[in-house]
Visitor: 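Sharing a structure with you now.
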Amino acid sequence: MKRIDVKRLASLGLLTALALILFFVELQIPNPFPVPGIKIGLANIVTIYVIYRYSAGEAVLLTAVRITLGSVFSGNVMALFYSACGSFLCLLGTIFLKRIIDERHLWLTSVFGALLHNTGQMAAALLVTQTPSLIVYYPFLIVSGCLAGAFTGLCAQIIILRTTKFKP
Amino acid sequence: MKNVKNKNKLKYKIIIVIAVLIFAAGIAGSIVVLNAPKKNTVIIKSDGKILYTLDLSSEPDRTFEIKTDRGENTVEIKDGKIRVISADCPDKTCVRMGRLESSAMPIVCLPHKLVIEFAAADDGVDAITE
C-alpha cells in the first residue's frame, strides 16, 4: 500500500486554496460580454499546473474539491453544475493531451482544454434547459475559450518553466 | 536525433493549425449569429413551455413581471423592442444582454430557465426538436 506523502498532501491543499482564491477574485470581475459562460478561468492556471506537475488523479481530486467548495461559498449551484460538466470534460482531454504536448507548448493544451470546457458547459445547458437555440452561443464560447485558454495556459507555462527545480 | 526534433516541430505545427481553424470557425459562426435577421413575433418560454407569444409591432409600451417557481424577471417592451430590465438571479446576464436584436441570439436566463426569442418563420424545426 502506498503511504500518503505529507509534503505532497500539504502542497495540494495549498494549491486548492489558491485555486479557490483565484475563483473568487474572478467572480468579482464583472463580465463585459452579454453571453453566459464567458470567463477567463483564472483557477485553471492551478489546474493545468497540477496536471503537468502532479498526477492525473490528484488533478481530478483538486478540481472536485474546488468546484464543491466554490458552489458552497458562492451559492450559485446551477452555474456550477454547468461548469462542473465542462471541467470534467476538460480534465479528461487535458490529461490525454499531456501525453502528446510537452511543457514548452503547454498553452496549446490549455486552449483545447478551454474548448472542451465550453463544449461540456454547452451540452449541460442544452440538456438542462431543453432549448436547442442556445447553441447560437457556441461560436462566441469558442472564440472566448481560445483566447482565455491561451492566456491561462501561458501563465501556467511560465510558472512551470521557471520552477523546474521544484519537486512536488 | 534531428529526425525526432523535426517530427516534433511538425506535430506542433499541425496542432496549432487545428487550433487556428477552430478559432476561425468560431469567429465565422459569431458573425453569422450577429447578422441573422429579426422578426416581429416574440415568444417567451420557461422550462421549454411557451408562456407568452407577443407581436412586437402592435404591442403597446409596457412592463410586466414573469414569475416562475425559480424566480422573477421583469420584462419591458418599448418602441417595439423587448428586454429584461431586472431579475432576481445572481448573474443578471439576461439584463445585461439588452434588447432582443437577433433571431439567432435569444435572451436567456439560465438560473430561471427563461428564454425570450423571435419565433421561427415556420415552426418546422422547433416542432420536431420539442
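So that the names make sense, note that chain A is the first sequence line, chain B the second, and so on, each numbered from 1.
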Visitor: Is B:Ile16 in contact with chain A via its backbone, its side chain, both, or neither, using a 4.5 Å heavy-atom distance?
Guide: both
Visitor: B:Gly26 and A:Val143: which non-hydrogen atoms are nearest, and at how many Å?
Guide: C-CG2, 3.4 Å
Visitor: Counting only heavy atoms not in A:Phe96, do more than 12 sit closer than 6.0 Å to its CZ atom?
Guide: no
Visitor: Counting heavy-atom pairs under 4.5 Å with chain B, which one of A:Ile100, A:Ile135, A:Leu147, A:Leu27 comes out on top?
Guide: A:Ile100
Visitor: Side chain, backbone, both or neither: which part of A:Tyr138 has an atom under 4.5 Å from a heavy atom of chain B?
Guide: neither
Visitor: Answer yes or no: are there more than 12 heavy-atom neighbours, outside A:Arg162 itself, under 6.0 Å from its atom CZ?
Guide: no
Visitor: Does a sphere of radius 6.0 Å around CZ in A:Phe23 hold more than 12 heavy atoms from other residues, nucleotides or ligands, not counting ones at 6.0 Å or beyond?
Guide: yes
Visitor: Using every non-hydrogen atom in the two residues, find where A:Pro139 and B:Ser30 come nearest and quote the distance to one decimal.
Guide: CB-N, 3.3 Å
Visitor: As a quick check of understanding, evaluate side-chain contact (heavy atoms from CB on, under 4.5 Å) for B:Phe23 and A:Ile142, giving each step before the final call.
Guide: CA-CA 7 Å; B:Phe23 187 61; A:Ile142 287 177; 5.6 Å; no
Visitor: Check this for me: B:Lys78, atom NZ, are more than 12 non-hydrogen atoms of other residues, nucleotides or ligands nearer than 6.0 Å?
Guide: no
Visitor: In Å and rounded to the nearest 0.5 Å, what is the CG to NE2 distance from B:Asn8 to A:His105?
Guide: 8.0 Å
Visitor: Side-chain contact test, heavy atoms from C-beta onward, threshold under 4.5 Å: evaluate it for B:Tyr12 versus A:Asp102 and give yes or no.
Guide: yes
Visitor: Any link between A:Ile160 and A:Leu18 through a network of hydrophobic side chains (Ile, Leu, Val, Met, Phe, Trp, Tyr) touching at under 4.5 Å?
Guide: yes
Visitor: With hydrophobic residues grouped by side-chain heavy-atom distances under 4.5 Å, do A:Ile38 and A:Leu116 end up in a single group?
Guide: no
Visitor: Shared ILVMFWY cluster between A:Leu141 and B:Val108, side chains joined below 4.5 angstrom?
Guide: yes
Visitor: Measure the CZ-CD1 distance between A:Phe112 and B:Ile22 for me, rounded to the nearest 0.5 Å.
Guide: 5.0 Å
